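Order of the sequence lines sets the chain letters (A, B, ...), proteins ahead of strands, with each chain counted from 1. The structure displayed is predicted, hence computed values, not measured ones.
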Amino acid sequence: MPTDKSTNPTPTENIALAQAKASVVTTRSIPRWVFPVAAAVIFLVLAPMGAAASLGIVTTLTAILFYVIVAQGWNLLGGYGGYLNFGAAIFVGSGAYMAAWLNDSFDWPVWATLIPGGIAAVVVSIVIGYATLRLRSHYFAIFTLVLTFLALTVVKNTPALGGAIGLFVRVDRGLDSRQIGMLFFYLMFGLAILATVVAYLVENSNFGYALRAISEDEPAAQVLGVKTVSVKLRALVLGAALGGIAGSAWAFWTGYIEPTGAFSVKIALDIVLVCVIGGLGSWLGPLIGSFIVVGLEQILRVTLPGLDLFGFELPAETNRLILGVILIVFALFIRRGVIGLLKKRRGRAIAV
Amino acid sequence: MNIDTIVQAFANGLLLGGVYGGLAIGLSLILGVLRIVNIAHSVIIIFAGLLYWQLVTGFGLDPLAMILPVVALAYLFGLVVHRGMAQQLAREDNSTVMLAFFGLLVVLESIAVMIWTTDTRTVALGYLANVIELGPISVPLTRVVAALITVGVLVGLHFFLTRTLTGSAIRGLSQNPDVASMVGIDVTRLSRRVFAAGIAFAAFGGVVLAMTQSFNPQEHYRWLAWAFLVVILGGLGSALRTLIAGLIVGVIETMVGIFIPFQYTYLVLYGILAVALLVRSEGLSGAKQRII
Amino acid sequence: MTAASAATGSDHPELVLTDITAGYFANDIVLDEVSVRVAPGKVTVVLGPNGSGKSTLLRVMSGFVMPRSGAVQLAGEDITRRGPAERLALGISVLPQGRSVFPELSVEENLRLGAWQVRRDRERFGNAVDAMFERYPTLKPLRHKAAGSLSGGQARMVEFARTLILEPRVLLIDEPSVGLAPVLVDGVYDELDRLKEEGRTILLVDQNVQAAVAMADYVYTLAYGRNHLDGARDGFEGQLDDLIKQWLNL
Ligand SMILES: Nc1ncnc2c1ncn2[C@@H]1O[C@H](COP(=O)(O)OP(=O)(O)O)[C@@H](O)[C@H]1O
Ligand SMILES: [Mg+2]
C-alpha cells in the first residue's frame, strides 16, 4: 500500500488530515457496517453467476466487473482527489496493447500479461503525472483528454502494434466459448474484488484523507505540509495500474483490439459516468455505478433501435447523447451520486 | 533543401498560424475572464465547421456571407448554455464544472455525428479556391482570406478589450468580480455575454478551420490540443498575444513538417505542449496568472 | 426622524436598519437582530472585535447580503429587497475592506469603471472622472499606470475616488486604515476628515478605535453579531479603555 510515507505525518499535516477525516465522519448518517455488507452481498450474489447464468448474462456481468476495476482506479485521483481524468482509455489502452503485443509477438498467455499490462499503464501515468500534476486540476483534465488522441495517433502509426488495423489476441484454443466466458468472468471477478478492497483501504487511510484534503482545498493542504504532488502521483499511478491490468484482461476477452476502440473517449465517458452516477469519492460508488451504467447502456441498446422519431430511425449515436445528458444532469443536480443520496450531510440543518 | 522550400513553409506556417489564433481565442476568453475550462471548445469548433460546410457546400451559399450566420447562431447557443448550465455552476468547484462541460462535449459530438456522420468533410469554396503566385511561393487564396479575417478579428478584439469601457469592465470582471459588482456592473449578464462571445469565437475558429482544412467530427481533440497549446504559449494576457502564439505554433508545425513525415509533427507539438506546461504555467497557486 | 431627511431624494437621507438578522450559507446567523441608524450628514461609527459582523452589516446595507429578517430603509423608503446595483443608483456607495482596485487596469480605467452606472450619460460620465482627478491631484500623473503597481496609499486614494465618483449620498467605509504603513494612516484620516467637513453621511467601521471615535458623531458597538452599546461620541470617549479591554476578553 502506498501509505508508507503518510504513516508519520508532521503535526500540521495531522491537522489537515484530521479535518478531512472529520468531514468524512460527519457526512455519514447510516451505520458504518452497511456499506461493507452491501459490497459483500453484491460479490456473494455474483460469485455463482459465472457458472450458473446464461452466456449473455455472463458477458454483461463481465463488462460490469471490468468497469468496476477501472472505475475504482479512476476514483482514487478523480473522486477523492478531485483531479478529473478524461483519458481513462489511455491506461486501459496501454495495458491492452502491452498484452496484445506480448501475445502476438511472444505467445504470452493472459495470466502472464496482467503485470506487464499494469506496468505499461504505470509508465504512461508517471509521464502524464510529472507533466501535469504540479499544476491546477484543469490542466490535468485537458491534458488527459488530448493525450487520448495522441495515443491513438501514435499507435495508428506504429506497425509493430498493428497500425490502424489492430492486433488479434488469442486465448488458449482448447476452450469453448462457455469456458472462455467463465474464465474471464472469474478473472474480472477476482480483480474487481481486489480493486474494491484497495479502494476501501485507501478511503480509510491517511493517504485517502490526504487526497480529500487536496480535493477540498489544495493550497491549504500544501501549506499544512501534505506532500500534494506525491500524493496525487501515487493515486494516479495506483489507478493506472488497475486500469492497465483490467486492460490486458480486456484485450484477451474481446480477442481483437484496434486503436480507435482502445483509445476512445467512449471508455473515458463510461468510466466518468460510473463514478459520477455511483458517487465520486466513495469506494462503494464505482461498484454500484457500474451496474447502473452498463445496465442503462444495455437497455438503451435494446430499446432505442426499435423506436422511431417522426419516421426516422434513431441512430446509434442517440445512446451516447443520452449518456451525455445524464452526465450533465448529475453534474448540475446530483453531484454526490447515488451514494451521496444515501449519506446526508450533518450540520447543515440549522433552523433558520 | 532549397531556400524556396523554407520560405514556402514559413508562409504556410504564418497562414496556418493565423487560423490557430482563431481556434484558441474563444478558449482563452472563457478561461481568462470566467475561469471556466471549456473542454467542449473543440466540439463547438467542429460543429460550426460542419454547419458551415452544410451551408456552403450543401446548400451552395456564399462562403463569405455565411460566416456571420454561423457565428451569430453560436452566440445564441452560448447564451443558452450559460443560462442553463454555466451560470448554475458558478459557485461550484472546478471539477463539477468540467464534468458538466464533458457532458456537453459528448452531447454535441453525438449530435454532430448523427447529423453529418463521421465522414471527413472538405468545404468547396468556389471563387475562393484560387491559388496566388507570389514569386517563388504559391498560396491558396482561401488560406490568405482566412488568415486575414482572423488577424482582423483578433486585432479588433484587442482594441475592444483595451480601448472601450465595456472592455475595461470585462477585464475588471476577470480581475476582481466582487468589485465589479460593487461598481454596479451586472456581473451575471456581462459574464453571460462574455461566455456567449467565447462560444461565438470558437465557432469563428471552426469556420476559418473549415475554410482551410478537411476535418472530421471525431478528431476534434486534435484542435483542442492545438488551442490549448496556443493558450498556454500566449497566456491569458491578450488577444494579440494569442495571435502571436498561434503564428508561432503554425510556423513550428510547417517547419518541422519539412524535416519529418507529416504524422510525426503531432509528436513534436505535443512535446512542446508538455514542455510549455512545465515551464510556462502558473503552478498551483495561480499567483502569476495573467488575465485578459 | 427629521422632516428634511425623510423626504425621498434629499441630499442627506438617513439609512436605517431595523432588527436585521443575516448570515451566509455556511454561517447561518452572523447578525442577530441588529439595529443601526446612519444619521444624515453625520459620521456614524461601528466598532467591534474581529468577526463580530461589522463587514456583514455593511454588506446588508449595500445589498450584497440579503437579510433573513428585518428592514433596511433609505430616507424612509423600504429598500430591503433591492440589489447592490439599485442601491448604488440610490446613492449608497461602499469602500470595502482590503484592496479593491482592479490591479491590471490603469488608474483612469479604475475610475471610469467606478462611473459605470452613468456611462450612457456621456457628459456626466466625463465630468465625474475629471472631478475625481481634480479632487485627488496626486492621481493625475499616475493615470495610465496599472493600479496594482501603486503604493498602498496611492491605491487607497484610487479606491476613495472610485467610491466617490458618483457623488453618493451615503458612504459606507470598512476599515480604511488596515494594512497601510503607519505614515500613510494619517493621510487616510485626513481624507475622512475632509469627507466629514463636506457634511457627508458616513458609516465608518474601524479597528482603530481612538481615531474613529475622535471623528464620530454617534457610535455603535457590536459583539457576537448583536447590538452591544450605542450612544453619542461624548458618552463614549471616557469608556474607550474599558471597551478595548472587554474585547480582548471576548
Ligand atoms: N463570505 C462569508 N461566508 C461565510 N461566513 C462569513 C463570510 N464572511 C464573513 N463570514 C463570517 O461572519 C462572521 C462575521 O464576519 P465579518 O462580518 O467579516 O466580521 P468583522 O468585519 O466584524 O470582522 C465571521 O464569523 C466570519 O467568519
Ligand atoms: Mg471586517
Task: C:L88 portion near chain B, given a 4.5 angstrom heavy-atom threshold - done: side chain
- [ ] Would you mind checking which part of C:R87 comes under 4.5 Å of any heavy atom in chain B, side chain (CB onward), backbone (N, CA, C, O), both or neither?
- [x] neither
Task: Validation row: B:S181, C:F64 side chains within 4.5 angstrom (heavy atoms) - done: yes
Task: Rounded distance [0.5 Å steps], CG in C:L113 versus OG1 in B:T166 - done: 9.5 Å
Task: C:R119 side, atom CZ; B:I185 side, atom CD1 - distance, nearest 0.5 Å - done: 8.0 Å
Task: Enclosure of C:R81 CZ (heavy-atom neighbours >12, cutoff 6.0 Å) - done: yes
TODO: Determine whether more than 12 heavy atoms belonging to other residues, nucleotides or ligands lie under 6.0 Å from atom CD of C:E198.
DONE: yes
Task: Nearest heavy atoms of C:Q117 and B:G184, plus distance in Å - done: NE2-CA, 4.0 Å
Task: Heavy-atom pair with the smallest gap, counting every atom of C:F102 and B:V179 - done: CZ-CG1, 3.8 Å
Open item on the list: Name the residue from C:P84, C:P96, C:S62 that meets the side chain to side chain contact (heavy atoms under 4.5 Å, CB included) definition with B:M182.
Closed with: C:P96
- [ ] Return yes if some donor-acceptor pair links the side-chain N/O of B:Q175 with the main-chain N/O of C:E104 below 3.5 Å, else return no.
- [x] yes
